[in-house]
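Have a look at the structure below, then the notes.
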Amino acid sequence: MHLRCAYCQLDLNLHHYQASAEVVTSICDLCQSRSLKPAAFQNQQVAYFAAARKWLFLGLPTQLQSASQPVLQLTRQQRKACTSLLNSFDALPAAWQTTGRRQQFYQEVIRWQDQPDFELTGNVPVDLKRLGCDTTGLFDKNTLDYTTRARVREYYQHQCQYCGRYGDSVDHKNPVALSNDNRWENLTLSCRECNRLKGDMPYQLFVDWNQELQPLLRQLVASEQALQRLDEQQRQLQNQLAAQRHLTGEVTNPQLQAIRQQIKVVQGLRDGEDSDYQKLIQLRHDYIISKFQIWQLQQVAD
Ligand SMILES: [Zn+2]
Ligand SMILES: [Zn+2]
């Protein structure tokens, strides 16, 4: 749940407005640490939110149409970048987010907000450092933290870098067992299938072997998309069926029969598509595994 702060205008997670369990404030905790008082601000959105939950709203009653309240002057771009940084900060490991660190971070952000002397890059480690935050031990340890994973997924727009299908597995190009290397250059995004298939294969070889299968990979991507579309069509038809049944109040009626017929047709298409899809997966799997086995034999022979 994101709510807009009446002063800084950032859309921040609910907990930034929670003074206690059932009390929410008109401005975010960041702005409160500027010594601004929630009681001096209107915030219709938070007020309605509080009313819906029967929580207490700390702020000016919305009926009071006061002329205008002060607002932090940030460009849309700066607001976006700052919101994203705050959301990323929230996602950092909980153990790292001590009260002291959070307070220090808030002070740095406030200083930046009042006088943005550089553009935020969207790269969390870089931005934190430039703001002067002490990030010792946060990004250079060997386990990948949540933020890094999220960044890799976003950077590659959820696309597997080996086959082009949907992917959300953050993958080490050189297996971490060999290199312990968590630098950005050693990270890429893959789908679960490529992740499993690659296993301990050398990165470059796995890339090359996939390159040799370009036409097959294009078919894989097309097939995955077709399956998604068919699933979506089926969902829509199921919804139509449910709505019609509700409207007519009967189970047998020509219109309902027609929708059921369509669902059957789509299901048939889906089964056919899926069977083609599985065959392609199997083909690629066998090809790459055989390449790998031959390569291993050559290694032994050398
Ligand atoms: Zn605020
Ligand atoms: Zn893949």
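For ligands, and for the atoms within them, numbers begin at 1 and follow the listed sequence.
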Taking both backbone and side chain into account, is any N, O or S atom of His16 nearer than 2.8 Å to the Zn ion (ligand 1)?
->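 It does not: His16 brings no N, O or S atom closer than 2.8 Å to the Zn ion (ligand 1).
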Rounded to 10 degrees, what angle sits at the Zn ion (ligand 2) between Cys163 SG and Cys191 SG?
->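 If I round to 10°, I get 110°.
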Given SG of Cys194 on one side and SG of Cys160 on the other, what angle do they make at the Zn ion (ligand 2), to 10°?
->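 Approximately 110° at the metal, rounded to tens of degrees.
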Would you say the side chain of Gln261 lies within less than 4.5 Å of the side chain of Gln257, judging by non-hydrogen atoms?
->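 Contact flag for Gln257/Gln261 side chains = no.
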Gln236-Gln240 side chain donor-acceptor pair, cut-off 3.5 Å |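 The answer is no; no qualifying pair exists.
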Salt-bridge contact Arg34-Asp114 (side-chain N to carboxylate O under 4.0 Å) |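 Between Asp114 and Arg34 there is a salt bridge, with a charged N closer than 4.0 Å to a carboxylate O.
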Once rounded to 10°, what is the value of the angle centred on the Zn ion (ligand 1) between Cys8 SG and Cys5 SG?
->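 Vertex at the Zn ion (ligand 1): approximately 100°.
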His16 side, atom NE2; Cys8 side, atom SG - distance, nearest 0.5 Å |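 The NE2 atom of His16 sits 9.5 Å away from the SG atom of Cys8.
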